[in-house]
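Letters A, B, ... are given to chains in the order of the sequence lines, protein chains preceding strands, and every chain is numbered from 1.
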Number of protein chains: 2
Amino acid sequence: MTQTKKQEQEDLLLLDKQLCFPLYAASRLVTRLYQPLLEPLGLTYPQYIVLMILWEDAPCSVSHICDRALLNTNTLTPLLKRLENDGFVVRTRSKIDERAVEITLTEKGKNTKTQCKHVPQEMSKSLCMPDSKLATLKQSLEDLIADLQEQ
Amino acid sequence: MTQTKKQEQEDLLLLDKQLCFPLYAASRLVTRLYQPLLEPLGLTYPQYIVLMILWEDAPCSVSHICDRALLNTNTLTPLLKRLENDGFVVRTRSKIDERAVEITLTEKGKNTKTQCKHVPQEMSKSLCMPDSKLATLKQSLEDLIADLQEQ
DNA sequence: TGCGATTATATCGCGTGCGATATATAATTA
DNA sequence: TAATTATATATCGCACGCGATATAATCGCA
C-alpha cells in the first residue's frame, strides 16, 4: 500500500469523521437537558419515553412497549417494576395469554401527563434551532432508524 | 382552555412528535451495529470512542479526553481503568501537575488502530443512506451539540 | 392428542452515564 | 506565607442497555 493510501484509510478513524459520535453525544446531551424537567416529577428520561407510549396505548403489553421503544425486556422489565413501585403503573398477567403482562396506568400515571405538558415546549425553547431544521433532522433520524431496523 | 387547545397541547406529548426519541433510538441502534465489529477486538463502543481520541492525541490527560468525548470522570475513570487492565493504555500521574493523570497508549493500544481500519468502511456499508444525506445529518447533529454545549 | 418450536417475560452480569460528593494538588490572594 | 479558591481525578449509588440464558405458556403440526 502506498503511503498516501494508508494515510487516507487511517484518517477515517478520526473522531471528526464519524457519524456515530455526534449521534452518541447529542443523544446524551439532550437527555441531560430533560433531566431537570423530569427529576421534580420523579421520572428518568427512559421512564418518560415509556410513559409517553403508555399515554397513547395503555393498557398494553410489555412486548408492545418493547416494539415502540426499541428496547428489550431486559431493560423494560426492571424499568416497569420501578414505575410500578413508584405508583405510575400496574403490572398484571393477562387472563387471555398467561405469558403476557398487561401494563395499566394508575391515576397518578395518567395525571403525570398533565404535569408533563410544559416539557416539550421547554425543550424546543432550549434547542435553539429553526423548526424546519429540527424537522429535517428528525426525519433523517427516522429514516436511519427505519434502515437499521431492517437489519 | 377550550377542548381544541387542550387537545393540541396534549398532542405534543405523542412519541412521534419528539425529536429526542429518534435521537435516543438511533444512537442505541448504531451502537448495536458496532458491537459485532468491536467485540472480537475486546472493545465496547465507548472504549472505541476513547481509543479514537487517543490515536489522535495520546499522550494526553484524562480531562482532555473528557472534553473531547463530552463525558465526565465518573464515566471515564472506570473506563480507562478497564482499558489499562486490558493492556490498551497506561495511566501515570503527571510529574508536572500531580493532580493530572496522563494516558499513554501501549503497543497493543496503538496496534488496535490497524485492526479497526475496516470498521468505518463496514459501518458506512451498513448505513445504507446516500453520503450527502449522512453528511447533512452529521452536520445538523454537530450544530445541535454546539448549541447544547453553550448551555 | 402430544411434543417440539415459538413466544412473552424475567433474570444475570457487566459496562456505561451521571448527579453528588470526596480528596489531593495547584493557583490565588489577602 | 497562610488561608481560600479552583482544578483534576476518584468514588459512590442508582438506573439504564444489552448479550446471554432461563422459564413458563402457547402454537403448530405430525
Side-chain polar contacts of residues 95-104 of chain B - donor-acceptor pairs under 3.5 angstrom, sequence neighbours left out - could you list them?
| from | atom 1 | to | atom 2 | distance (Å) |
| --- | --- | --- | --- | --- |
| D97(B) | OD1 | R99(B) | N | 2.9 |
| D97(B) | OD1 | R99(B) | NE | 3.1 |
| D97(B) | OD2 | R99(B) | NE | 3.4 |
| D97(B) | OD2 | R99(B) | NH2 | 2.9 |

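Between the OH atom of Y34(B) and the P atom of dT16(C) there is a distance of 16 Å, rounded to whole Å. Atom-to-atom, CZ of R28(A) to P of dG19(C) comes out at 11 Å; the value is rounded to the nearest Å. The CG-P distance, from L71(B) to dT16(C), rounds to 10 Å in whole Å. If you take CG of N72(A) and C1' of dC12(C), they are 15 Å apart, rounded to a whole angstrom. The separation between L38(A) atom CG and dG19(C) atom P is 13 Å, rounded to whole Å. One atom, NZ of K81(A), and another, C1' of dT9(C), lie 10 Å apart when rounded to the nearest Å.
For the side chain to side chain contact (heavy atoms under 4.5 Å, CB included) with S27(A), the lone residue among S27(B), P22(B), C20(B) that qualifies is S27(B).
Of all the residues in residues 41-68 of chain B, T44(B), P46(B), Q47(B) reach under 4.0 Å from DNA chain C with at least one non-hydrogen atom. Near DNA chain C, meaning a heavy atom under 4.0 Å away, the residues from residues 90-98 of chain A are R91(A), R93(A).
Between chain A and DNA chain D, the heavy-atom contact criterion of under 4.0 Å yields a 5' to 3' nucleotide range of dA15(D) to dT26(D).
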Open item on the list: Pair K133(B), D143(A) - check salt bridge (Lys or Arg N to Asp or Glu O under 4.0 Å), show working.
Closed with: CA-CA 10 Å; K133(B) 197 170 173 185; D143(A) 293 349; 2.4 Å; yes
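Comparing Q35(B) and T75(B) against DNA chain D, the residue whose closest nucleotide sits nearer the 5' end is T75(B). Taking the nucleotide of DNA chain C with the nearest heavy atom to each of V101(A) and N74(B), the more 5' of the two is matched to V101(A).
Checking side-chain atoms of Q35(A) against main-chain N and O of T31(A) turns up no donor-acceptor pair under 3.5 Å. K108(A) contributes a side-chain N or O that, together with a main-chain N or O of D86(A), makes up a donor-acceptor pair within less than 3.5 Å.
Every pair passing ring-ring contact (aromatic ring centres under 6.0 Å, His included) that includes a residue from residues 48-97 of chain A is listed here, sequence neighbours excluded: Y34(A)-Y48(A).
The shortest heavy-atom contact between E84(A) and R91(A) is OE2-N, 3.0 Å.
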Please write out the pairs of protein N or O atoms and N or O atoms of nucleotides 22-24 of chain C separated by less than 3.5 Å, giving the distance to one decimal.
none

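Counting non-hydrogen atoms under 4.0 angstrom, L79(B) reaches the backbone sugars and phosphates but no base.
Contact annotation: Y24(A) side-chain N/O to dG17(C) OP1/OP2 distance is under 4.0 Å.
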